[in-house]
Amino acid sequence: MSANPSSQSAVRNYISGQFRADAGRAMEVISPLDGQAISEVPLSGRETLDEAVAAARRAFTSWSKATIKERVQVFFRFRNLLEKHKSELTELIRLENGKTYGEAEAEVLKGIELSEFACSLPQILSDEIQEVSKGVECRTTHAPLGIVASITPFNFPLMVPLWTIPNAISLGNCMILKPSELVPMSAQRIAEMLHEAGLPDGVFNIVNGDREMVEAICDHPDIDAVSFVGSTKVAKIVYRRATSNLKRCLALGGAKNHLIVLPDANPEISAANIAASMSGCAGQRCMAASAMVAVGNTEHIVQRICEESQKIVPGQNLGAVITGAAKERIERYITEAEAAGAKVLVDGRNAVVPGKEGGFYVGPTVIDHVTPDMAIAQEEVFGPVLVIIRTDDIDKAIEIENKSPYGNAASVFTENGGLANYVIERVSAGMTGVNVGVPVPREPFSFGGWNESRFGVGDITGKSSIAFWTKLKKITSKWDPKAWKDWAS
Ligand code: NAD
C-alpha cells in the first residue's frame with residue numbers, strides 16, 4: 001500500500017511501493033515564485049540506495065520476464081492518469097519550478113507524448129531473423145539491462161524523468177530515480193500514478209538526495225546503467241565515475257545554442273521565435289536560444305526582437321528563475337558584458353513582481369555587440385538572456401557556432417533553402433532547426449546533442465534510447481532436418 005505524498009508536507013523516498021521518511025539530512029524546497037518554503041526533501045545516502053536497489057533487484061526477476069505487451073499496459077493507464085490530473089500536475093510543476101501555467105501545462109503534455117511513445121514500443125521493437133546458411137537461423141532479442149538509474153535536473157521536474165521512466169521500464173528494467181533536490185515534488189506524483197496504474201512494487205523507486213546520492217549511484221555495484229541530465233560539469237563527473245565503475249552511461253549536459261540569422265529572414269516570424277525561445281521557461285531550457293549570430297544587415301530583425309521582448313513581463317508571461325543564486329549569476333553575466341563594451345538593448349536586471357517580492361525574477365534581456373571572447377558569449381547563462389554577436393559573413397557565423405564546446409541545438413533563420421542547408425550541414429549540434437527557435441525533435445524522433453552537451457552513445461528518447469536500455473542477444477539455431485521424422489512417424 002502506498003501512502004499519499006500529497007497529504008504529507010515532506011517529500012519521501014519511494015521504495016518497493018512505499019513512501020518512506022528519512023530522519024537524516026534534509027533541506028527546504030523553496031518555490032521560486034515567491035521564495036517561500038513549500039516542502040522539505042530528505043538528502044539520503046548509501047543505505048537508502050541499498051534498500052532501493054535491493055527492492056529493484058527483487059522486482060526485476062518477474063518484471064523482466066513479462067512480455068513487452070504486458071509491460072506497456074501500465075503506461076497506457078499512466079498516460080491516462082497524466083491526462084486526468086493535468087491541471088493539478090501543472091500547478092505542482094509551476095509551484096516547485098516557477099514556470100508559467102502554460103509552460104507547466106506544456107510539460108505535462110510532453111509527458112503524455114513520451115508515455116505514448118513507450119506504449120508504441122511493441123510495434124517499434126522489431127527483432128531480426130534470417131536464415132544465414134542452409135538450415136541455420138540467426139535471430140535477435142532485446143534483453144533488459146537490469147537495474148538502471150536516472151538522475152535528473154531542476155528545469156523539467158516531470159518531463160525529464162519521463163524521458164527515461166516509460167522507455168526504460170517498458171523495456172523490462174527496474175529503475176531508481178534521483179530527482180533534482182530543488183524540485184522533488186512532481187516525482188512523488190509520478191510514483192503515485194505508476195502505483196495506481198498497476199506497476200508492481202519495486203519496479204520504480206525514488207531516492208532523494210544531492211551529490212552524495214549521485215556518487216553512491218555511480219559507485220553502486222548492483223546498478224547496471226546510469227542516465228544523467230544536467231550541467232556539463234556534473235555530466236562529466238557522472239560519466240567518468242559511472243563508466244570507471246564499468247556501468248553503461250549516457251550523460252546529457254548543458255548548452256549554448258546559436259541561432260544564425262541571415263538578412264533575408266522573415267522579420268516577424270524570426271523575431272517572435274527568437275524572443276520566445278530565449279525567454280521560454282525563463283531561459284532555463286537546454287534548447288533555449290542563447291547566442292544570435294547576426295549576419296550582415298539584420299538591424300530590422302534586432303529591432304523587432306527588442307519589441308517582442310518588451311511584451312514579455314515577469315510574473316505574467318515570464319516565470320521565475322530557480323533560486324536567488326541563479327538570479328544573481330544571470331545578472332552578473334549581464335553586468336560584466338556591459339562593462340566589457342556590450343550594449344544592453346533590453347534590460348531585465350532588478351525585476352520585481354508586485355506581491356511576489358521574495359520571488360526570483362529576471363526580465364527578458366537582449367545584449368547587442370557581444371564579442372565571441374566574452375564569458376556571456378561562451379558560457380551557459382541559463383536565464384532569459386539573448387546575446388547578439390555581429391558578423392558580416394556566413395562562414396564566420398558558422399565558425400563562431402563551431403567553436404562552442406557545446407552542441408545541443410543550432411538554428412538558421414532565412415528564406416533561402418540553399419543557404420539554410422549550407423548552414424545546417426556545417427553547424428556542430430545534434431538538434432538543428434530552420435526558422436525554428438526551439439528545434440526539439442518530437443516523438444518518435446530522439447533527443448540528444450553533440451560535443452559537450454552529451455557523453456555516451458545514442459540519444460535519451462525515441463527509438464535511439466532502445467539500444468541504451470537493452471542488451472542485444474543473438475541466437476543462432478541449427479536443427480537436423482531429418483531428426484524429427486522417426487519421432488513423428
Ligand atoms: P546540475 O548538473 O546542477 O544537477 C543535475 C543533477 O545532478 C541533480 O540531480 C543534482 O542533484 C546532481 N548534482 C549537482 N551537483 C552535483 C555534483 N557536484 N556531483 C554529483 N551530482 C550533482 O543541473 P541543474 O542545475 O539541475 O540543471 C540545469 C542544467 O541541466 C543546465 O546546464 C541545462 O542545460 C542542463 N540540461 C540539459 C538537458 C539536455 O538535454 N542536454 C536537459 C535539461 C537540462
Side-chain angles (χ1 to χ4, degrees), residues 100 102-103 106 255-314 317-319 321 330 333-334 337 342-348 362-370 372 374 376-378 380-391 394 397-398 400-401 404 406-416 419-420 423-424 427 429 431-441 449:
T100 66
E103 290 163 353
K256 187 82 194 172
N257 304 317
H258 288 68
L259 309 179
I260 296 178
V261 180
L262 306 185
D264 73 328
N266 178 307
E268 270 171 40
I269 291 175
S270 307
N273 270 276
I274 293 169
S277 174
M278 163 272 273
S279 64
C281 298
Q284 301 174 123
R285 283 191 288 200
C286 63
M287 295 296 283
S290 182
M292 165 174 158
V293 189
V295 182
N297 182 9
T298 47
E299 209 50 55
H300 55 302
I301 301 173
V302 171
Q303 177 66 32
R304 274 192 188 251
I305 291 173
C306 293
E307 286 162 18
E308 289 292 330
S309 302
Q310 275 150 350
K311 295 179 199 160
I312 299 163
V313 182
N317 52 357
L318 179 63
V321 298
I330 296 162
Y333 270 115
I334 302 168
K343 193 169 173 213
V344 181
L345 301 180
V346 181
D347 192 350
V362 180
T365 301
V366 181
I367 314 178
D368 203 356
H369 301 291
V370 168
M374 292 180 188
I376 203 167
Q378 294 177 1
E380 183 177 40
V381 177
F382 226 50
V385 178
L386 181 74
V387 302
I388 301 175
I389 303 167
R390 303 264 183 172
T391 181
I394 196 165
I398 292 165
I400 290 167
E401 190 281 339
S404 171
Y406 297 103
N408 220 36
S411 284
V412 58
F413 287 80
T414 177
E415 294 290 280
N416 183 315
L419 286 177
V423 173
I424 293 298
V427 288
M431 293 171 281
T432 63
V434 178
N435 299 321
V436 175
V438 186
V440 174

For [X] and [Y], which heavy atoms make the closest approach, and how far apart are they?
X      : Y      : result
Asn273 : Gly437 : OD1-N, 3.5 Å
Gly319 : Thr100 : N-CG2, 3.6 Å
Glu401 : Ala410 : OE2-CB, 3.9 Å
Ser270 : Ile301 : CB-CG2, 4.3 Å
Thr365 : Gly348 : OG1-N, 2.9 Å
Pro384 : Val362 : CG-O, 3.4 Å

Could you check whether any side-chain N or O of [X] sits under 3.5 Å from a backbone N or O of [Y], counting only pairs where one atom can act as donor and the other as acceptor?
X      : Y      : result
Glu103 : Cys281 : yes
Asn435 : Thr414 : yes
Glu380 : Lys256 : no

Just so I know, are the side chains of [X] and [Y] near enough to count as touching, which here means a heavy-atom distance under 4.5 Å?
X      : Y      : answer
His258 : Val427 : no
Ile388 : Val302 : yes
Leu419 : Val412 : no
Val387 : Met374 : no
Val385 : Tyr333 : no
Pro439 : Thr432 : no

Output the distance between atom [atom1] ([X]) and atom [atom2] ([Y]), rounded to the nearest 0.5 Å.
X      : Y      : atom1 : atom2 : value
Ile367 : Lys343 : CD1   : NZ    : 13.0 Å
Ser411 : Met431 : OG    : CE    : 10.5 Å
Arg304 : Glu268 : CZ    : CD    : 4.5 Å
Asn408 : Ser290 : CG    : OG    : 11.5 Å
Ile394 : Ile260 : CD1   : CD1   : 7.0 Å
Arg285 : Ser277 : CZ    : OG    : 5.5 Å

| task | May I ask you to check whether Glu299 and Gln303 show a side-chain donor-acceptor distance below 3.5 Å? | result | no
| Passes side chain to side chain contact (heavy atoms under 4.5 Å, CB included), Val366 versus Met278? Steps please. | CA-CA 9 Å; Val366 181; Met278 163 272 273; 4.0 Å; yes
| query | Given the rule in the side chain to side chain contact (heavy atoms under 4.5 Å, CB included) test, do Leu262 and Glu415 qualify, once you have shown the distances and angles that lead to the verdict? | reply | CA-CA 9 Å; Leu262 306 185; Glu415 294 290 280; over 6 Å; no
| query | Would Glu308 and Lys311 pass as an ion pair if we require N to O under 4.0 Å? | reply | yes
